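For clarity, every value in this text was computed on a predicted model and none was experimentally measured. Every heavy atom of this structure was used, including side-chain atoms; hydrogens, water molecules and symmetry mates were not. Lettering of chains follows the sequences in order, A, B, ..., and the numbering in each one begins at 1.
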Amino acid sequence: MDSKEIFCSKCGFVVDEKTDDRRPDRSFGESDSNRSHAGDKSSLVRHDRGLSTVIHSVDRDSTGNPLSSTMKSSLVRLRRWDSISRVKSNDERNLRYALGEILKLKEKLSLSEAISEKAAYLYRKALEKKLIRGRSISALVAASLYAACRASETPRTINEVANAIGVRRKEVTACYRLIFRELDLKMPVVDTVSCIAKIASNADVSEKIKRDAIKILKKAERQHILAGKHPMGMAASALYLAGISAGEIKTQRDIADAAGVTEVTVRQRCKSLRQIT
DNA sequence: TAAGATAAGAGGGACAT
DNA sequence: ATGTCAGTCTTATCTTA
């Protein structure tokens, strides 16, 4: 379990990411042979990957002298072309909007930079494959972001993502399945242990119970009763049962709410878990 | 009041037609 | 393409302790 973020174990707020940019900065001065890192890191979240050239509007040349009138008029032409070509196709307009949405969601869900980059990458691929046709941008954004979370083993539910962007869950799941299939995504199996961590932080459960719950899940895994079940539901039930045997009672309601599933689901999973303990 | 039981319904995968 | 089937999860309601 190596999620790329450092977060508060109580509330899940992302404090920092483990992605430092430690490459040397611009180094023209001493040795011209090493120009490896001039300029900003190129980012997938910028629609032009942050590689655009800006034609400044001050009419001076690089040494600060005023320009001749012929140079001025050709600059005006250049600027016009530049502004026209910057956002030219529909796809780029689409991308610009989508990437903005990704950044908004990243803030709302306190996700790491690495994840928004991944989501942006997925969205680009989806766009290339013409998968947006007939679907809303928002739904595809949500799906990309959710996929990025899954890929990074950062537990966020489809519901959370869908609510944050205001799209019906149904559409997000449909888009997620679509990009999953079309882009040949490989997802790591959902780690029930990290589900435990998330629920525990939501429901304020002690360390001991967390450990007990993990033991229960390991046992269940060996007996293959986890397959096909909602991982959050399984984790919630394990936590609930662990709480009971340790005397620290949490109600089904509390646990179910913390896990984002219903009490009934918790009860169903409890039935199968009780059979193996 | 919490926990358990039960029923109806939604949404999607597998498989056949 | 469309329909059916088994299985899962949700919502709602009722009963039990």
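- Computed from coordinates, the Gln252(A) CD to dC9(C) P distance equals 15 Å when rounded to whole Å.
- For the pair Glu171(A) CD and dG12(B) P, the computed distance is 11 Å after rounding to whole Å.
- Salt bridge status for Glu160(A) with Lys198(A): present, with a side-chain N to carboxylate O gap under 4.0 Å.
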For nucleotides 1-6 of chain C, give me every protein contact, N/O to N/O, under 3.5 Å, one pair per line with atom names.
none

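- Annotation: Lys250(A), atom NZ; neighbour count of heavy atoms from other residues, nucleotides and ligands within 6.0 Å is above 12.
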Step-by-step side chain to side chain contact (heavy atoms under 4.5 Å, CB included) determination, Arg156(A) to Leu111(A): CA-CA 9 Å; Arg156(A) 294 290 184 280; Leu111(A) 294 169; 3.6 Å; yes
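- For Lys229(A), the NZ atom sits in a packed shell: over 12 heavy atoms of surrounding residues, nucleotides or ligands are nearer than 6.0 Å.
- A straight line from NZ of Lys170(A) to C1' of dG12(B) spans 11 Å, rounded to a whole angstrom.
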Pair Glu221(A)-Leu217(A), side chain to side chain contact (heavy atoms under 4.5 Å, CB included): steps then yes or no: CA-CA 6 Å; Glu221(A) 194 174 5; Leu217(A) 282 183; over 6 Å; no
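- The list of salt bridge (Lys or Arg N to Asp or Glu O under 4.0 Å) pairs with a residue in residues 167-176 of chain A, not counting sequence neighbours, reads Arg168(A)-Glu171(A).
- Contacts between residues 160-168 of chain A and DNA chain B, defined by a heavy-atom separation under 4.0 Å, are absent.
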CA sep, side-chain torsions, deciding dist, call: Asn159(A), Tyr146(A), side-chain hydrogen bond (donor to acceptor under 3.5 Å, both in side chains): CA-CA 10 Å; Asn159(A) 272 332; Tyr146(A) 174 69; over 6 Å; no
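- Rounded to an integer number of Å, the gap from Arg274(A) CZ to dG4(B) C1' is 10 Å.
- The CG-C1' distance, from Asp254(A) to dT1(B), rounds to 13 Å in whole Å.
- Atom CZ of Arg96(A) is separated from atom CG of Asn94(A) by 12.0 Å, given to the nearest 0.5 angstrom.
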Every protein N/O within reach of nucleotides 13-16 of chain B N/O, cut-off under 3.5 Å:
residue: dG13(B); atom: OP1; partner: Arg177(A); partner atom: NE; Å: 3.0

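- Separating the CZ atom of Arg253(A) from the P atom of dA2(B) is a distance of 10 Å, rounded to the nearest angstrom.
- With a 4.5 Å cut-off on side-chain heavy atoms, Ser112(A) and Thr154(A) do not count as touching.
- Arg269(A) has no side-chain polar atom (N or O) that falls below the 4.0 Å cut-off from OP1 or OP2 of dT8(C).
- One atom, CZ of Arg169(A), and another, C1' of dT8(C), lie 11 Å apart when rounded to the nearest Å.
- Looking at Lys118(A), its side chain never comes within 3.5 Å of a backbone N or O of Cys149(A) through a donor-acceptor pair.
- Candidate nucleotides dA3(B), dT8(C), dA5(B) were compared by shortest atom distance to the side chain of Lys271(A), and dA5(B) ranks first.
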Under 3.5 Å, which donor-acceptor pairs do the side chains of residues 257-266 of chain A form with other protein atoms, sequence neighbours left out?
residue: Asp257(A); atom: OD1; partner: Arg253(A); partner atom: NH2; Å: 3.2
residue: Asp257(A); atom: OD2; partner: Arg253(A); partner atom: NE; Å: 3.4
residue: Thr262(A); atom: OG1; partner: Thr265(A); partner atom: N; Å: 3.4
residue: Thr262(A); atom: OG1; partner: Thr265(A); partner atom: OG1; Å: 3.1
residue: Glu263(A); atom: OE2; partner: Arg253(A); partner atom: NH1; Å: 2.6

Using nucleotides 10-15 of chain C, report all nitrogen or oxygen pairs with the protein that are shorter than 3.5 Å.
residue: dT10(C); atom: OP2; partner: Thr262(A); partner atom: OG1; Å: 3.3
residue: dT10(C); atom: OP2; partner: Thr265(A); partner atom: OG1; Å: 2.2

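- The backbone N or O of Asp254(A) lies less than 3.5 Å from a partner atom in the side chain of Thr251(A), making a donor-acceptor pair.
- Considering only heavy atoms from C-beta on, Arg124(A) comes within 4.5 Å of Leu99(A) through its side chain.
- Residues Lys215(A) and Lys218(A) form no side-chain contact, since every pair of their non-hydrogen atoms from C-beta on lies 4.5 Å or further apart.
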